[in-house]
Enquirer: 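One structure is given below, represented as structure tokens, and several questions about it will come after.
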Amino acid sequence: MFIYDSVQKTKREFIPLSKEQVTLYVCGPTVYDDAHLGHAKSALVFDLLRRVLEANGHNVIYARNITDIDDKIIKKAAEQGVGITDITDKFTEAYHVDMSALGIERPTLEPKATESLEAMFELIQKLIDTNHAYQIENGDVYFDTQSDQKYLSISGNKQNDDDRQERVESSTAKKHPADFALWKSVNDKSLTFPSPFGAGRPGWHTECSAMIEKHLAGDDKFAIDIHGGGADLLFPHHENEAAQTRCSSNHELANYWMHNGFVNIDGEKMSKSLGNSFFIKDALKVYDGEVLRFYLLSTNYRSNFNFNEQDLLASKKRLDKMYRLKKRLFGMKIADEKTEMKTKLLEALSDDLNVSLGLAIIDEMVANANETLDANPKDKLIKRQSTSDLAFIEKVLGFGHQNPFEYFQFGLDADTKKKIDDLVAQRSDAKKEKNFEKSDLLRDEIMAFGVSIMDTAQGTFWERTE
RNA sequence: GGUGCCAUCGCCAAGUGGUAAGGCCGCAGCCUGCAAAGCUGCUAUCCCCGGUUCAAAUCCGGGUGGCACCUCCA
């Protein structure tokens with residue numbers, strides 16, 4: 001397997017620290033609002049990574065945190081006049097619902113900041129004891145970036161001198177403007193925790209390092225195999241996490257770093273002012289979750305992704321083809337066939353998640369199966385192989401888990417389906433009587449529902465095509 | 001200002017030295033009562049200039065044009 005390491009800026013062969021397991025940590029959401037398409041992208045990419053690692057025989061321990069201590073949460077709770085946990089519980093649950101709709105499997109571990117305070121205290125104390133952190137008069141504890149020789153080695157950023165000057169003058173009692181808070185001394189009623197450093201709240205970066213140490217780290221040169229997140233987190237978040245871990249333990253944080261690109265909408269940076277499609281839950285009202293998954297995952301995860309409806313619809317047609325093959329194979333038992341397609345697909349995905357190439361391989365398989373079945377609808381071998389191929393695709397990519405007939409009925413209520421079924425039956429009768437004028441009229445009626453019909457040897461099927 | 005990424009057919013998009021995958025759209029054909037679906041065939045020399053090399057979309061230099069981060073935003 002090969003992974004593009006965004007710290008070394010090169011594709012590297014993936015060699016796990018331990019043969020027993022692969023440790024993967026991804027920065028999860030801050031639960032103060034509904035998840036948007038960017039959250040979806042990140043979660044999808046690392047869900048895929050996990051599946052591909054597993055398909056390669058690795059036992060993956062995947063942790064994705066929930067940040068439930070944050071100023072934005074406090075602000076929201078205050079605005080709405082509700083408790084902190086009302087907000088965090090609500091949006092944690094909503095996050096799970098959205099992720100599930102996208103076919104994203106639950107991580108092995110989902111540590112919450114509120115449940116990791118002890119680990120954070122331990123981390124901060126170690127940093128203080130080793131002079132990598134200091135507490136100022138007001139109680140804040142800062143990480144001393146100057147004490148870390150390797151600070152900025154993750155992002156490759158350089159300290160900007162002009163910038164530095166300005167901030168020194170305006171800053172507080174921090175030793176250096178780049179120093180960041182490990183513990184913020186606050187004493188408001190909303191959300192404060194007692195700690196060895198006084199009452200307050202942890203800094204944002206603290207939780208990830210602490211959780212990794214607590215749940216995943218071993219004795220190796222690196223705490224974990226792979227650390228992932230959105231491209232925006234490289235600096236300062238991941239830089240700071242790495243510094244904390246480096247200075248409080250005898251290992252670097254991660255052997256491989258992966259960062260997914262941003263999602264833009266119609267060429268513009270996502271923002272709430274652009275409207276509803278911003279949130280996953282709103283997108284799900286219009287599009288099937290699996291269609292969203294397929295679309296968001298269809299290109300290189302590192303590039304920025306430009307979300308727009310035309311591309312999504314074009315992408316959907318590709319998924320449709322897979323489902324039509326699934327229809328042709330409906331009822332087949334899944335056998336574990338060794339096929340060339342599986343080998344090639346896994347190889348493509350194992351090369352830094354090359355989904356684009358993988359989709360080309362799938363298209364080729366689908367076309368070949370259709371061609372063979374067109375020539376001989378009873379070809380047992382191709383049916384077994386294709387069924388097996390589709391099952392593999394479902395497992396490793398998460399595409400194709402639905403009943404193929406229901407897939408094509410997305411968004412239609414039972415009443416409408418019944419009406420369409422009735423019209424289709426009437427049309428079939430008319431066709432039997434060779435009353436084509438009547439059957440064509442009925443077809444027009446059916447198509448008015450945004451539905452296409454197709455006559456096959458197995459009977460007439462209909463699909464919502466819009 | 002600092003750091004970094006990107007530029008491939010109308011659109012989306014693979015391909016990191018050996019002579020341009022795939023999908024959408026379009027055209028022609030097979031199939032069909034007609035369709036739809038499916039299948040077959042057809043459609044690019046890779047932003048510009050220069051260099052390295054037997055050989056470059058792929059490496060180097062210079063342009064031009066996008067974009068991101070440097071403000072707790074995935």
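Since the model is a prediction, treat every value here as computed from it, not as a measurement. Quick note on labels: first sequence line is chain A, next is B, and so on, each numbered from 1.
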Enquirer: Assuming nearest nucleotide by heavy-atom distance, tell me which of A/Tyr301 and A/Arg324 is located more 5' along RNA chain B.
Expert: A/Tyr301
Enquirer: Does the gap between the ring centers of A/Tyr295 and A/Phe305 come in under 6.0 Å?
Expert: yes
Enquirer: Which pair of non-hydrogen atoms, one from A/Val355 and one from A/Ser298, has the smallest distance, and what is that distance?
Expert: CG1-CA, 4.2 Å
Enquirer: Rounded to the nearest angstrom, tell me the gap between atom CD in A/Glu241 and atom P in B/A74.
Expert: 13 Å
Enquirer: How long is the straight-line distance from OG of A/Ser350 back to CD of A/Glu13, given to the nearest 0.5 Å?
Expert: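 These two atoms lie 11.0 Å from each other.
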Enquirer: Which pairs, with at least one residue in residues 355-369 of chain A and sequence neighbours excluded, count as a side chain to side chain donor-acceptor pair (under 3.5 Å)?
Expert: A/Arg318-A/Asp363
Enquirer: Would you kindly give the CG-to-P distance between A/Asp455 and B/G33, to the nearest whole Å?
Expert: 9 Å
Enquirer: Has the side chain of A/Arg427 got a donor or acceptor atom that lies under 3.5 Å from a matching backbone atom of A/Arg443?
Expert: no
Enquirer: With a 3.5 Å limit on both atom pairs, tell me what B/A57 is paired to, counting Watson-Crick and G-U wobble, or say none.
Expert: none
Enquirer: Considering only atom P, compute the distance from B/A20 to B/U52 and round it to an integer number of Å.
Expert: 24 Å
Enquirer: Quick check, are the ring centers of A/Phe121 and A/Trp183 under 6.0 angstrom apart?
Expert: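 For A/Phe121 and A/Trp183, the ring centres are under 6.0 Å apart.
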Enquirer: Assign A/Ala375 to base, sugar-phosphate, or nothing according to its heavy-atom contacts below 4.0 angstrom with the strands shown.
Expert: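 Here A/Ala375 touches no strand at all.
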Enquirer: According to the interplanar angle, ranging from 0 to 90°, do the rings of A/His259 and A/Trp257 count as parallel (below 30°), tilted (30 to 60°) or perpendicular (above 60°)?
Expert: parallel
Enquirer: Are side-chain heavy atoms of A/Met120 and A/Leu117 found at a separation under 4.5 Å?
Expert: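 A/Met120 reaches A/Leu117 side chain to side chain.
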Enquirer: For the C1' atoms, the ones on B/G23 and on B/G15, what distance do you get once it is rounded to whole angstrom?
Expert: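 It works out to 16 Å between them.
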Enquirer: Just checking, any donor-acceptor pair under 3.5 angstrom between side chains of A/Thr372 and A/Asp379?
Expert: no
Enquirer: Side chain of A/Asp440 only, please: which of B/C34, B/C39, B/A13 is the nearest?
Expert: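 Out of B/C34, B/C39, B/A13, the nucleotide with an atom closest to A/Asp440's side chain is B/C34.
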Enquirer: Could you work out the separation of B/U45 and B/G18 based on their C1' atoms and round it to a whole Å?
Expert: 14 Å
Enquirer: Applying a 4.0 Å non-hydrogen cut-off, can you work out what A/Asp232 is touching in the nucleic acid: base, sugar-phosphate, or nothing?
Expert: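 The residue A/Asp232 makes base contact.
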Enquirer: Tabulate protein N/O versus nucleotide N/O from nucleotides 6-9 of chain B, keeping only pairs under 3.5 Å, one per line.
Expert:
none

Enquirer: Does B/U40 have a Watson-Crick or wobble partner in any strand here, with both distances under 3.5 angstrom, and which is it?
Expert: B/A28
Enquirer: Please pick, from B/C39, B/A37, B/A74, the nucleotide with the shortest atom-to-atom distance to any side-chain atom of A/Asp374.
Expert: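 The closest nucleotide is B/C39.
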Enquirer: Report the distance from atom NE2 of A/His205 to atom P of B/U71, rounded to the nearest whole Å.
Expert: 11 Å
Enquirer: Of the nucleotides B/C34, B/A74, B/G15, which has the atom closest to the A/Asn354 side chain?
Expert: B/G15
Enquirer: Look at all strands and tell whether A/Gly230 reaches a base, only sugar-phosphate, or nothing, counting heavy atoms closer than 4.0 Å.
Expert: sugar-phosphate
Enquirer: Considering only residues two or more places apart or on different chains, which pairs with a residue in residues 93-105 of chain A satisfy side chain to side chain donor-acceptor pair (under 3.5 Å)?
Expert: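 Those involving residues 93-105 of chain A are A/His96-A/Glu110.
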Enquirer: Report the nucleotide, chosen from B/C34, B/G33, B/A14, that has the shortest atom-to-atom distance to any side-chain atom of A/Ser439.
Expert: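 Selected nucleotide: B/G33.
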Enquirer: Distance check needed: B/C5 P versus A/Asn157 CG, whole Å only.
Expert: 12 Å
Enquirer: Identify whether any heavy atom of A/Phe262 sits under 4.0 Å from a base atom; if not, whether one sits that close to sugar-phosphate; answer base, sugar-phosphate or nothing.
Expert: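 Base, at least one base heavy atom under 4.0 Å.
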Enquirer: What's the gap between B/C46 and B/U58 when it is taken at their C1' atoms, as a whole Å value?
Expert: 10 Å
Enquirer: So what's B/U16 paired with, Watson-Crick or G-U wobble, going by both distances under 3.5 Å?
Expert: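 For B/U16, the partner nucleotide comes out as none, under the 3.5 Å rule.
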Enquirer: For nucleotides B/C72 and B/G1, find the distance between their P atoms and express it as a whole number of Å.
Expert: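 Each nucleotide's P atom is 23 Å from the other's.
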Enquirer: When you measure from the side chain of A/Ser6 to the backbone of A/Lys9, do you find a donor-acceptor pair of N or O atoms at a distance under 3.5 Å?
Expert: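 Checked: no pair found.
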Enquirer: Sort out the partner of B/A7 for me: Watson-Crick or G-U wobble, both distances under 3.5 Å, none otherwise.
Expert: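 Paired with B/A7, as far as the under-3.5 Å criterion goes, is B/U64.
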Enquirer: Tell me the interatomic distance from A/Leu373, atom CG, to B/C31, atom P, rounded to whole angstroms.
Expert: 19 Å
Enquirer: Out of B/C39, B/G33, B/A74, which has the shortest distance to the side chain of A/Glu371?
Expert: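 Selected nucleotide (nearest to the side chain): B/C39.
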Enquirer: For B/A35, does the base pair up with any side-chain atom of A/Arg443 as donor and acceptor (N or O, under 3.5 Å, distance only)?
Expert: yes
Enquirer: Looking across every strand, which nucleic acid part, if any, lies under 4.0 Å from A/His237 by heavy atom: base, sugar-phosphate, or nothing?
Expert: nothing
Enquirer: Write down the distance separating the C1' atoms in B/G17 and B/G22, rounded off to the nearest Å.
Expert: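 Straight-line distance between the two C1' atoms is 23 Å.
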Enquirer: Quick one: what's the B/S/- string for nucleotides 21-28 of chain B, heavy-atom cutoff under 4.0 Å, read 5' to 3'?
Expert: BBSSS---
Enquirer: Please determine, for B/G1, whether a Watson-Crick or G-U wobble partner exists with both distances under 3.5 Å, and give it or none.
Expert: B/C70
Enquirer: Can you tell me which residue among A/Arg328, A/Glu406, A/Glu290 is in a side-chain hydrogen bond (donor to acceptor under 3.5 Å, both in side chains) with A/Tyr323?
Expert: A/Glu290
Enquirer: When you measure from the side chain of A/Lys431, which nucleotide among B/G33, B/C72, B/A74 comes out closest?
Expert: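 Of the options given, the side chain of A/Lys431 lies nearest B/G33.
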Enquirer: Round to a whole Å and report the spacing from CZ of A/Arg464 to P of B/A37.
Expert: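 The distance from CZ of A/Arg464 to P of B/A37 comes to 17 Å, rounded to the nearest Å.
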Enquirer: Before we go on, tell me: are the rings of A/Phe405 and A/Phe330 under 6.0 Å apart, centre to centre?
Expert: yes
Enquirer: In whole angstrom, give the distance that lies between atom CG of A/Leu319 and atom P of B/C12.
Expert: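 Between P of B/C12 and CG of A/Leu319: 21 Å.
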Enquirer: Once you round it to whole Å, what is the distance between P of B/G10 and CG of A/Asn308?
Expert: 17 Å
Enquirer: Per the ring pair (Phe, Tyr, Trp, His ring centres under 6.0 Å) rule, which among A/Phe399, A/Tyr287, A/Tyr407 passes with A/Phe294?
Expert: A/Phe399
Enquirer: From C-beta outward on A/Lys9, which listed nucleotide comes closest to its side chain: B/G4, B/A37, B/A74?
Expert: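 Within the option list, the nearest is B/G4.
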Enquirer: Nearest nucleotide by nearest heavy atom, which residue falls closer to the 5' end of RNA chain B, A/Arg328 or A/Glu437?
Expert: A/Glu437
Enquirer: Scan A/Val355 against the nucleic acid and name what it touches under 4.0 Å (heavy atoms): base, sugar-phosphate only, or nothing.
Expert: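 Contact class for A/Val355: none.
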Enquirer: Hey, could you give me each pair passing side chain to side chain donor-acceptor pair (under 3.5 Å) that has a residue in residues 224-237 of chain A? Not counting sequence neighbours.
Expert: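 Side chain to side chain donor-acceptor pair (under 3.5 Å) check on residues 224-237 of chain A returns A/Thr23-A/Asp225, A/His205-A/His237, A/His227-A/His238, A/His227-A/Glu241, A/His237-A/Glu241.
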Enquirer: Taking the side chain of A/Phe235 as heavy atoms from C-beta outward, which of B/C72, B/C69, B/A14 is closest to it?
Expert: B/C69
Enquirer: Tell me, which of residues 446-454 of chain A have any heavy atom that sits under 4.0 Å from an atom in RNA chain B?
Expert: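 Heavy-atom cutoff 4.0 Å gives A/Ser452, A/Ile453, A/Met454.
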Enquirer: How is A/Lys184 classified with respect to the nucleic acid when contacts are heavy atoms under 4.0 Å: base, sugar-phosphate, or nothing?
Expert: base
